[in-house]
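Reading through the structure tokens given below for one structure.
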Amino acid sequence: MKFTVTSRGDDLSNTLQQRIKRYLLDFGLVYDVESPEMVVTVGGDGTLLQAFHDYSERLEDTAFVGIHTGHLGFYADWVPDEVEKLVIHIAKTPYQIVEYPLLEVVIRHKGESKSERHLALNECTVKSLEGSLVSNVEIKGDTFEVFRGDGLCISTPSGSTAYNKALGGAILHPSLASIQIAEMASINNRVYRTVGSPLVLPQHHTCLLKPLNDVDVQVSIDHYTLDHKTVKSIQCRVAEEKIRFARFRPFPFWKRVKESFIGE
């Protein structure tokens, strides 16, 4: 099996990265940065998020597993003391593949026929670079509302525990093929009205955002920020691709939520 190991870059993560690489080579696995079948990330959720974007073109052929060297993560579920155990699992044990949905974002520009397509593991955020964002929100081709406020966050179930949660969105189990739209400081008065609640859309529903006021729009895809001056529309839906995680043991999502936000 071909593998690679990525690191957050701190001393502990770099040391573990080299140990894992050496152990797996000793087991006869092949180190391949270009086309790995297994990507082991050492650091945290951000490290795995970066690896996802680095290998987003080969998601059908690559599985991810993460070791966290800092705070407990939702994606990185192994700890440094378990490195030897994980290496033996990777080298010797058949593993289960768990697939989670992704967000597809298509950005179209005024006066251009080409569009940009991006995949997000956590979320896409849309904001105005100055003043309020005014945007038509269409769902399944029909106008739902005209949003006025700081911006909108469209998240995956996996990303529902991140920025979406801070905005008051619901936490969704990552096995649900859906996306969630959460508002950022919407304007609601006698003149301007929005639904004021997060919306959860199923796999076959598409959300289309059409900015209405003449402002520069900032679109963020996970941790990547893109500034756009001539955005015509931003289309969001559940992507056909999925991220694949290698599971060697149970990964109780609600237990992880409790540990992260409530504690024991």
Side-chain angles (χ1 to χ4, degrees), residues 49-50 52-60 101-156 158-159 162-164 167 169 177-189 191-243:
L49 199 65
Q50 180 62 53
F52 158 74
H53 283 278
D54 290 342
Y55 294 100
S56 60
E57 297 300 319
R58 48 173 295 108
L59 295 176
E60 289 187 3
L102 301 170
L103 171 66
E104 177 193 75
V105 181
V106 178
I107 304 172
R108 297 181 175 88
H109 298 272
K110 298 173 184 175
E112 296 183 19
S113 58
K114 291 185 64 176
S115 60
E116 299 177 34
R117 182 179 185 269
H118 304 273
L119 292 176
L121 176 55
N122 274 355
E123 73 274 310
C124 165
T125 62
V126 183
K127 304 177 183 178
S128 167
L129 288 176
E130 53 182 64
S132 296
L133 173 70
V134 181
S135 177
N136 201 45
V137 179
E138 295 182 5
I139 299 176
K140 286 191 68 179
D142 295 324
T143 299
F144 180 77
E145 66 180 11
V146 176
F147 171 84
R148 292 171 175 85
D150 286 356
L152 293 164
C153 173
I154 301 92
S155 66
T156 66
S158 305
Y163 194 11
N164 167 78
L167 295 171
S178 60
I179 60 174
Q180 184 171 182
I181 307 169
E183 299 177 351
M184 304 176 197
S186 61
I187 299 173
N188 280 284
N189 53 33
V191 179
Y192 303 130
R193 302 297 301 171
T194 68
V195 69
S197 298
L199 303 174
V200 179
L201 306 186
Q203 188 168 17
H204 59 287
H205 288 195
T206 297
C207 168
L208 187 66
L209 309 179
K210 294 181 178 178
L212 298 177
N213 54 339
D214 189 20
V215 296
D216 294 344
V217 175
Q218 181 186 81
V219 181
S220 295
I221 308 294
D222 290 332
H223 56 301
Y224 291 104
T225 298
L226 316 167
D227 291 344
H228 297 277
K229 297 182 181 298
T230 57
V231 170
K232 178 181 179 182
S233 66
I234 302 165
Q235 177 183 290
C236 299
R237 65 179 182 180
V238 177
E240 293 184 4
E241 300 95 328
K242 294 182 179 181
I243 186 170

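The structure presented is a predicted model; accordingly, all values stated were derived computationally and were not measured. Only this structure's heavy atoms are used, side chains among them; waters, hydrogens and symmetry mates stay out.
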When rounded to the nearest 0.5 Å, the distance separating NZ of Lys232 from CD1 of Ile107 is 14.5 Å

Which residue pairs pass the ring-ring contact (aromatic ring centres under 6.0 Å, His included) test when at least one of the two sits in residues 106-151, sequence neighbours left out? His109-His228

Among residues at least two apart in sequence or on other chains, which ones pass side-chain contact (heavy atoms from CB on, under 4.5 Å) with Thr225? Gln218, Ser220, Asp227

Sequence neighbours left out, what passes ring pair (Phe, Tyr, Trp, His ring centres under 6.0 Å) with His53? Give chain and number order. His223, Tyr224

Within the distance-only criterion (no hydrogens, no angle test), does the side chain of Asn122 pair as donor or acceptor with the backbone N or O of Asp222 below 3.5 angstrom? no

Summary of salt bridge (Lys or Arg N to Asp or Glu O under 4.0 Å) pairs that have at least one residue in residues 197-208, sequence neighbours excluded: none

Please output the side-chain donor-acceptor pairs of residues 191-202 that fall under 3.5 Å, not counting sequence neighbours, one pair per line with the distance.
unit_1	atom_1	unit_2	atom_2	d
Thr194	OG1	Glu183	OE1	3.3
Thr194	OG1	Glu183	OE2	3.1
Thr194	OG1	Asn188	OD1	3.4
Thr194	OG1	Asn188	ND2	3.3
Thr194	OG1	Gly196	N	3.4

Nearest-0.5 Å distance that lies between atom CD1 in Ile181 and atom CG in Asn164: 11.0 Å

Once rounded to the nearest 0.5 Å, what's the spacing between atom CG of Leu212 and atom OG of Ser135? 6.0 Å

If you compare all heavy atoms of Val126 against all heavy atoms of Leu133, which two are closest, and at what distance to 0.1 Å? O-CD2, 3.7 Å

Under the salt bridge (Lys or Arg N to Asp or Glu O under 4.0 Å) rule, what pairs show up with a residue in residues 138-155, not counting sequence neighbours? Glu138-Lys210

Only counting residues at least two apart or in another chain, list the ones meeting side-chain contact (heavy atoms from CB on, under 4.5 Å) with Ala177. Gln203

Please set out all donor-acceptor pairs under 3.5 angstrom arising from side-chain atoms of residues 234-241, sequence neighbours excluded.
unit_1	atom_1	unit_2	atom_2	d
Arg237	NE	Glu104	OE1	2.6
Arg237	NH2	Glu104	OE1	3.3
Glu241	OE1	Arg117	NH2	2.8
Glu241	OE2	Arg117	NH1	3.1
Glu241	OE2	Arg117	NH2	3.1

Partners passing salt bridge (Lys or Arg N to Asp or Glu O under 4.0 Å) against Asp54 (at least two apart in sequence or in another chain): none

Could you state the interatomic distance from CD1 (Ile221) to CD (Glu123), rounded to the nearest 0.5 Å? 9.0 Å

For the student: nearest non-hydrogen atoms of Pro211 and Val231, plus distance: CG-CG1, 4.0 Å

